[in-house]
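So you know, we letter chains A, B, ... as the sequences are listed, proteins then strands, and number each from 1. Scope of the values below: all heavy atoms of this structure, side chains included, with no hydrogens, waters or symmetry mates.
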Number of protein chains: 4
Amino acid sequence: MSQQSSKAVEGGSREGERRRTILRAAIDVFARKGYHGCRIADVAREAGVAYGLVYHYFKNKDELLETVFETGWSGFVSRIRAVVEAEGPVGLKVRGITDVAFEAYRVDPRAVKVLIVEIARSPGGHVNRQNAFTDTIRMCAEMFVRAQASGELRPEVDPLLASALLFGSIEMGLTALVLGLVDPSDTEMLERARQQIAGSFLHGVLTQDAAAAEESWKKSAMRSKSAKLL
Amino acid sequence: MSQQSSKAVEGGSREGERRRTILRAAIDVFARKGYHGCRIADVAREAGVAYGLVYHYFKNKDELLETVFETGWSGFVSRIRAVVEAEGPVGLKVRGITDVAFEAYRVDPRAVKVLIVEIARSPGGHVNRQNAFTDTIRMCAEMFVRAQASGELRPEVDPLLASALLFGSIEMGLTALVLGLVDPSDTEMLERARQQIAGSFLHGVLTQDAAAAEESWKKSAMRSKSAKLL
Amino acid sequence: MSQQSSKAVEGGSREGERRRTILRAAIDVFARKGYHGCRIADVAREAGVAYGLVYHYFKNKDELLETVFETGWSGFVSRIRAVVEAEGPVGLKVRGITDVAFEAYRVDPRAVKVLIVEIARSPGGHVNRQNAFTDTIRMCAEMFVRAQASGELRPEVDPLLASALLFGSIEMGLTALVLGLVDPSDTEMLERARQQIAGSFLHGVLTQDAAAAEESWKKSAMRSKSAKLL
Amino acid sequence: MSQQSSKAVEGGSREGERRRTILRAAIDVFARKGYHGCRIADVAREAGVAYGLVYHYFKNKDELLETVFETGWSGFVSRIRAVVEAEGPVGLKVRGITDVAFEAYRVDPRAVKVLIVEIARSPGGHVNRQNAFTDTIRMCAEMFVRAQASGELRPEVDPLLASALLFGSIEMGLTALVLGLVDPSDTEMLERARQQIAGSFLHGVLTQDAAAAEESWKKSAMRSKSAKLL
DNA sequence: CATGAATGAGGTTTCATTCAT
DNA sequence: GATGAATGAAACCTCATTCAT
């Protein structure tokens, strides 16, 4: 009782620890072997716990995977939301969204791999996953609607589709890393990819005025960039 | 379509028919249930053949799925290659690539879904699928290298990444359809999506000159569009 | 196809054979180990078939047990029904019902044990079993209603309860055998038990007239009994 | 009833309370789900105690169930014994036995259900349960032996079998209630059932003289019945 | 070619029991 | 005494694959 309310604020409670250990192990095995190869036995061994304990914390395999997804996704979504709801030009927000994705990749590439390769494209049945994904796209679509109203987005652009395309670009950019098309250890390439994804996208959808504002922003950013990242 | 009715299109013996029936059934089940739910028994039932017959034509489940993938992909790739190797401005080629993808979707949405959703998934390495995918991206990347040499593509754009982003945009555009974000029966929306994907992408990466050439092309295309499509 | 319609009349069809083998094995294991100890693996070994084949013929363990019950019970019920629907005094019918139960015991004591000990008294959830049991009791209750109308059954006797008591007596009589209270190999005792169950019951519920008719029947029966049984 | 509210009825320390709470919960779960569905976790939840506490009071599941059985059964048996060992005609005793069974049902139908439904069931040999049951039958059989010696019971009746049949009738009468064949809330029906079970049985096995004595008893009983019961 | 019964390894899931706190 | 997390053996069930007809 007291364990849940008092200690579970951020990292406490022995129960929470174990649970998280298993979750983390699941992400690992998942990223390594994919949905197929991911046997509960592997997860348990990886987490260093007994077989049955997985079932103490998760109803069954599916719920475990679902939780892996939601855990990973919810953090991502909340960061995206923060960016979307902040003040500022849409160009800055789009760059912010790209940054969130790439930062997540930098922190835990395996988790991102699971999100991208194993779940985001996953089979129909799992309603939650699709909803989480489509909800995020819709959230950004509304951002684009407002950007269109303020004259930043070109009028002939469909906001929903634009949102889908932005995430498509980000996702495939990261997929290129995950699949080894691009060397993931090449940090300079990583940086260029991030720039290009946001840059090309914005070039493609912004109005002349917004693009010009973007341009001036980019130049000032270049000077302070290297300091920020490391 | 023509495959089913005529018997001699491509080695159309009776054997070939059966084989193709099974393959088509596999695509269906695959599209409906994903790699997971796809049991040999389902494929056999869907095809209306006996359980064991699947094993007469395919060594095992993996070979069947591999064949499903290659069959679907090879046609797609060869059409892409034709577009890439033709003469003409890169803008036209990018539109051509988008057209190929959308046309494939129009002909058989389920097959496209399989290609989209199951890429890079399932049994460990399955090199073929990834290779087929990455090879195609590399092919288009070379196209962009040439376009950069001829001054069509902006110099600061990375060709490989550009290629990835193009396919990312196309894929997510189609995924939006597959996921029901966009109504797939709305043909006007389909048309607009196709235009926007290619258009935004090109806006984002082309030089001023190439973009201008694009612009003039687009205007002439608008007049003849409806005739082409049906 | 032809296997089912042409050969399945009584004992034919290879499929039916296997199925029956498994069913019979299930009855054996069931009678020997009870519901608890009855593992699918045991049934398969007893039947001399592979593990998975049990699941080829039966959806799961429960369906197997359900089938064991229905198979055993349906034969029993149809014989009871034949007795109930025949012409004649109610006394004869009651004796007929007792005979059916004891004959079933003589033919396959294990099957009767399963019916009595494992299933007839079984846990709530299984609707079919209870229904089958209560339906049979109701069938005989109607027989008693008619017997009451014709003046054979005493008017103050409740027919439904009488039916329950008849089966209670029969069941406990057989249970006494099953539990070893009475030596099951003592055929004379068996014969006496049968007589007493029907006799005491009838004494208890028949009117004076019907009881007198019974008495005269019993005497004539005694002379021809020993010849019949062996 | 009184067990729960007062703390010193029968070794009523705090420990005893807990133990009894668990036992009572076990009866409940047992009656509701049968031996199968009865998991220790269910018992603990029903009793409102922690998982492990069940193991503090009972060595293992089997001992718990055994205790449930014995607790319920021992009270029943001692009451039966009191009836059997009392002075008086056998007819009165048979009615007394029936009364004990029905009274037990009135006080706690669920406990009776467990006793009825689970007798002779589950884990292989569990000698105790069978013994408790067969011992009781043998005890009454001896009562019938004496009744036969005193000319109350007809000479051709087998005492052991008669005893089995009596309990068979009682059990199935109660089973009819448990299974819902008879409405358990219909107290008049309950009363009639009790009368009929004992009455029919006695009619079936008593000699003329004993039956006549019975008859006169019954008439006098009818007058004072309602007062006795409540 | 065609069939579908038969096989059994491999995975998931349950749950009685233990034990550290 | 009391708790419930932790353990793991043992059962169930699935399904790719084989094979006799």
Which pair of non-hydrogen atoms, one from C:Glu63 and one from C:Phe58, has the smallest distance, and what is that distance? OE2-CA, 3.6 Å
Between A:His56 and F:dA5, does any side-chain N or O lie under 4.0 Å from OP1 or OP2? yes
Suppose we define a pair by two distances each less than 3.5 Å, Watson-Crick or G-U wobble; what does F:dT21 pair with here? E:dA2
Whole angstroms only, please: what is the OH-C1' distance between B:Tyr57 and E:dA2? 9 Å
Tell me if a side-chain donor or acceptor on B:Lys33 pairs with a main-chain N or O of B:Asp42 at a distance below 3.5 Å. no
Between D:Arg19 (CZ) and F:dG1 (P), how many Å, whole number? 11 Å
If you check every side-chain atom of D:Arg18, which of F:dA5, E:dT3, F:dA2 has the closest atom? F:dA2
What are the two closest non-hydrogen atoms of B:Val43 and B:Ile22, and how far apart are they? CG1-O, 3.8 Å
State, to 0.1 Å, how close D:Val49 and D:Leu53 come at their nearest heavy-atom pair, and which atoms those are. CB-CD2, 3.9 Å
Interatomic distance where CG belongs to D:Asp42 and P belongs to E:dA16 [whole Å]: 9 Å
Starting at atom CD of A:Glu17, determine the distance to atom P of E:dT21, rounded to an integer number of angstrom. 14 Å
Given atom CD1 of B:Ile22 and atom C1' of E:dT3, what is their separation to the nearest angstrom? 13 Å
So, are B:Arg24 and B:Asp108 salt-bridged, with charged N and O less than 4.0 Å apart? yes
Review item, nucleotides 14-18 of chain F N/O atoms under 3.5 Å of protein N/O:
{"from": "F:dC15", "atom 1": "OP2", "to": "B:Arg39", "atom 2": "NH1", "distance (Å)": "3.0"}
{"from": "F:dA16", "atom 1": "OP1", "to": "B:Lys61", "atom 2": "NZ", "distance (Å)": "3.1"}
{"from": "F:dA16", "atom 1": "OP2", "to": "B:Ile40", "atom 2": "N", "distance (Å)": "3.0"}
{"from": "F:dT17", "atom 1": "OP2", "to": "B:Tyr55", "atom 2": "OH", "distance (Å)": "3.2"}
{"from": "F:dT17", "atom 1": "OP2", "to": "B:Lys61", "atom 2": "N", "distance (Å)": "2.9"}

Is the shortest side-chain N to carboxylate O distance from A:Arg32 to A:Glu46 below 4.0 Å? yes
Protein-nucleotide distance (D:Arg45, atom CZ; F:dG4, atom C1'), rounded to Å: 13 Å
